[in-house]
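Order of the sequence lines sets the chain letters (A, B, ...), proteins ahead of strands, with each chain counted from 1. Computation of the quantities below employed the complete heavy-atom set of this structure, encompassing side-chain atoms and omitting hydrogens, waters and symmetry-equivalent molecules. Bear in mind that the values here come from a model prediction, so they are computed numbers and not experimental data.
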There are 2 protein chains.
Amino acid sequence: MRSYGQYCGLARSLEVVGDRWNLLIVRQLLMAPARYRDLADGLPGIATNLLADRLRDLETAGVVERRLAGTGSVVEYALTPWGAELREPINGLIRWSTPLMIRGPEGDIFRLEWLVLALPALLDKRVTSRPTEAIGLAIDETTLRLRATRYGFEVGPRDERALAGTVRAEPMCILGLAAGALDFDDAAALGLIEIEGDEASVRAMFGS
Amino acid sequence: MRSYGQYCGLARSLEVVGDRWNLLIVRQLLMAPARYRDLADGLPGIATNLLADRLRDLETAGVVERRLAGTGSVVEYALTPWGAELREPINGLIRWSTPLMIRGPEGDIFRLEWLVLALPALLDKRVTSRPTEAIGLAIDETTLRLRATRYGFEVGPRDERALAGTVRAEPMCILGLAAGALDFDDAAALGLIEIEGDEASVRAMFGS
DNA sequence: CCGCATCCTCATGGATACTG
DNA sequence: CAGTATCCATGAGGATGCGG
């Protein structure tokens, strides 16, 4: 990217991460370190030369580091500590995108991992701030486990631990509830969500 | 910009503001509504056709609105309420840029208004949280007035009101102090900053 | 296969001139 | 002043090649 030539924090940031695909690469690495192939798979549409270019740029800038994974000579990419601090501005953009997301997928492809990344960003700004029971989010074939602790939100795959209640809904409804853009009772009245188990626990997470 | 085709908040945000220059246009409008010429002046290097294109895109997306300023038929651009909410992610990127900024201007042009925009973003994350006396920031020929209130930071031009103390420094030192990346005593020992008036008031703003 | 590098085409950005 | 038109340079995207 050509330099903006401005001594301004925003301009300097954008010279590092403003190029097309760059922040999406960081998004992928925020979820977990990944191999070249994982990144190419998680970024449908990126050209292989671009991915290689961008990884080099990000490594040079100090955002990403290339390292040897596990035992063998397998290359793996991970965020540096500074790179991982991009979670804050990324969370801000995720929150800002709420009006764009509640329109629904509109043909765009959907990956559950992106929702897992978005949920804490959306929920963190709603001042529940007290621990909740673990609830389940049933989306298509999968159920996620979601829980608020005193330190933040945990989102992950369902495990053997019990869930107080479960809500089944489309991704866009989950996002709407988490962002506070969709009212819990409205969603229930419209049949957009389907509750199993203890409704109060689910409402404690999303209710207004 | 070509669509990413991903139902992900970050990707959708970037389809709106990810194009080159877009966030810098928003930065300019965060400071005040502006006319076409003001924007062209505040964005050195932008081609006029690009500025026109981007303003159209941002208007279509609902980030910017075009309106008639004052009494006459003068067109003016301003952020919509949703567009103004980009301040959060922009502040995040400004904070993230600290390691890039403390290297100094390195030939990039500097505008005082960019520093005025950055200061609250940097100071907000430092948990002083209590009101301070108003102090002066002397940078080149200009002195800014800076004060913490219970609700946030006020930065603006100096007026007739008294200043408890004044600190003179290069922009990069001001940024380093505000970001917590430069220690007050170190800066003083190195002669990077020059205090007039009440040092305690200045230290209350930047001291660790 | 995985991890890129090369090649080619076409869309986009940049600089400048020009117009209502 | 507020943009458009034009032309050229650069970068994205897609296909493919190639060594380990």
Side-chain angles (χ1 to χ4, degrees), chain A residues 1-6 11 14-29 32-61 64-78 108-109, chain B residues 1-6 10-11 14-26 28-29 32-61 64-78 108-109:
Chain A
M1 167 172 289
R2 219 185 127 149
S3 168
Y4 287 113
Q6 303 181 3
L14 292 175
E15 286 178 10
V16 175
V17 295
D19 261 335
R20 187 164 166 76
W21 294 110
N22 267 350
L23 274 183
L24 294 187
I25 292 173
V26 172
R27 174 196 69 189
Q28 293 299 117
L29 295 177
R35 311 201 0 210
Y36 187 89
R37 167 54 47 126
D38 303 328
L39 291 171
D41 290 346
L43 297 165
I46 197 173
T48 59
N49 57 348
L50 272 189
L51 179 54
D53 283 353
R54 291 294 126 88
L55 285 170
R56 246 192 310 272
D57 295 345
L58 290 171
E59 191 188 1
T60 304
V64 159
E65 62 185 3
R66 185 198 223 89
R67 61 192 198 192
L68 297 178
T71 66
S73 54
V74 181
V75 215
E76 189 181 75
Y77 297 92
D108 291 348
I109 69 164
Chain B
M1 168 170 291
R2 211 175 139 161
S3 168
Y4 287 114
Q6 302 182 2
L10 180 62
L14 292 175
E15 286 179 9
V16 175
V17 295
D19 260 335
R20 187 164 164 77
W21 293 109
N22 267 349
L23 275 184
L24 294 187
I25 292 173
V26 172
Q28 292 300 116
L29 295 177
R35 307 194 12 203
Y36 188 88
R37 165 54 47 126
D38 302 327
L39 291 172
D41 290 346
L43 298 166
I46 196 173
T48 60
N49 56 350
L50 272 189
L51 179 54
D53 283 354
R54 292 293 128 87
L55 285 171
R56 246 191 310 272
D57 295 345
L58 289 172
E59 191 188 1
T60 304
V64 158
E65 63 184 3
R66 188 199 219 87
R67 62 191 196 192
L68 298 177
T71 65
S73 54
V74 180
V75 213
E76 188 181 76
Y77 297 91
D108 291 349
I109 68 165

How many Å lie between [atom1] on [X] and [atom2] on [N], as a whole number?
| X | N | atom1 | atom2 | value |
| --- | --- | --- | --- | --- |
| A/Tyr4 | C/dG13 | OH | C1' | 11 Å |
| B/Leu43 | C/dG13 | CG | P | 15 Å |
| B/Asp19 | C/dG13 | CG | C1' | 10 Å |
| A/Asp57 | D/dA12 | CG | C1' | 14 Å |
| A/Leu50 | C/dA11 | CG | C1' | 13 Å |
| B/Trp21 | D/dG11 | CH2 | P | 15 Å |
| B/Leu51 | D/dT4 | CG | C1' | 13 Å |
| A/Arg20 | C/dC10 | CZ | P | 19 Å |

Which pair of heavy atoms, one from [X] and one from [Y], lies closest together, and at what distance?
| X | Y | result |
| --- | --- | --- |
| A/Leu51 | A/Ala40 | CD2-N, 3.7 Å |
| A/Glu15 | A/Ser3 | OE2-OG, 3.0 Å |
| B/Gln6 | A/Leu43 | NE2-CA, 4.1 Å |
| B/Ala61 | B/Val16 | CB-CG1, 3.8 Å |

(request) Mind checking ring-ring contact (aromatic ring centres under 6.0 Å, His included) for A/Tyr4 and listing every partner two or more places apart, or none if nothing turns up? (result) B/Trp21

(message) I'd like to know if B/Arg35 and B/Asp38 make a salt bridge, using a cut-off of under 4.0 Å between side-chain N and carboxylate O.
(response)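 No.
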
(message) Treating B/Arg54 as the side-chain partner and B/Arg20 as the backbone partner, does any N or O pair qualify as donor plus acceptor under 3.5 Å?
(response)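 Flag set: sc B/Arg54 to bb B/Arg20 pair under 3.5 Å.
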
(message) Please check this pair: side chain of B/Tyr36 against backbone of B/Val75, looking for a donor-acceptor N/O pair closer than 3.5 Å.
(response)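 Pair absent, no side-chain N/O of B/Tyr36 close to backbone of B/Val75.
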
Table of protein N/O atoms under 3.5 Å from nucleotides 3-7 of chain C N/O atoms:
residue: C/dG3; atom: OP1; partner: A/Arg35; partner atom: NE; Å: 3.2
residue: C/dG3; atom: OP2; partner: A/Arg37; partner atom: N; Å: 3.0
residue: C/dC4; atom: OP1; partner: A/Arg66; partner atom: NH2; Å: 2.9
residue: C/dC4; atom: OP2; partner: A/Tyr77; partner atom: OH; Å: 2.4
residue: C/dA5; atom: OP1; partner: A/Arg56; partner atom: NH1; Å: 3.4
residue: C/dA5; atom: OP2; partner: A/Arg56; partner atom: NH1; Å: 3.0
residue: C/dA5; atom: OP2; partner: A/Arg56; partner atom: NH2; Å: 3.2
residue: C/dA5; atom: N6; partner: A/Thr48; partner atom: OG1; Å: 2.8

(request) Can you pull out how bent the helix from C/dC1-D/dG20 to C/dG20-D/dC1 is, comparing the axes over its first five and last five pairs, to 10°? (result) 30°

(message) I want to check something: taking the side chain as every heavy atom from C-beta on, are B/Leu39 and B/Leu55 in contact at a cut-off of under 4.5 Å?
(response)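 Counting from C-beta outward, B/Leu39 and B/Leu55 do come under 4.5 Å.
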
(message) Both B/Arg2 and A/Arg2 contact DNA chain C. Taking the nearest nucleotide for each, which residue is further toward the 5' end?
(response)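 Here B/Arg2 is the residue nearer the 5' end.
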
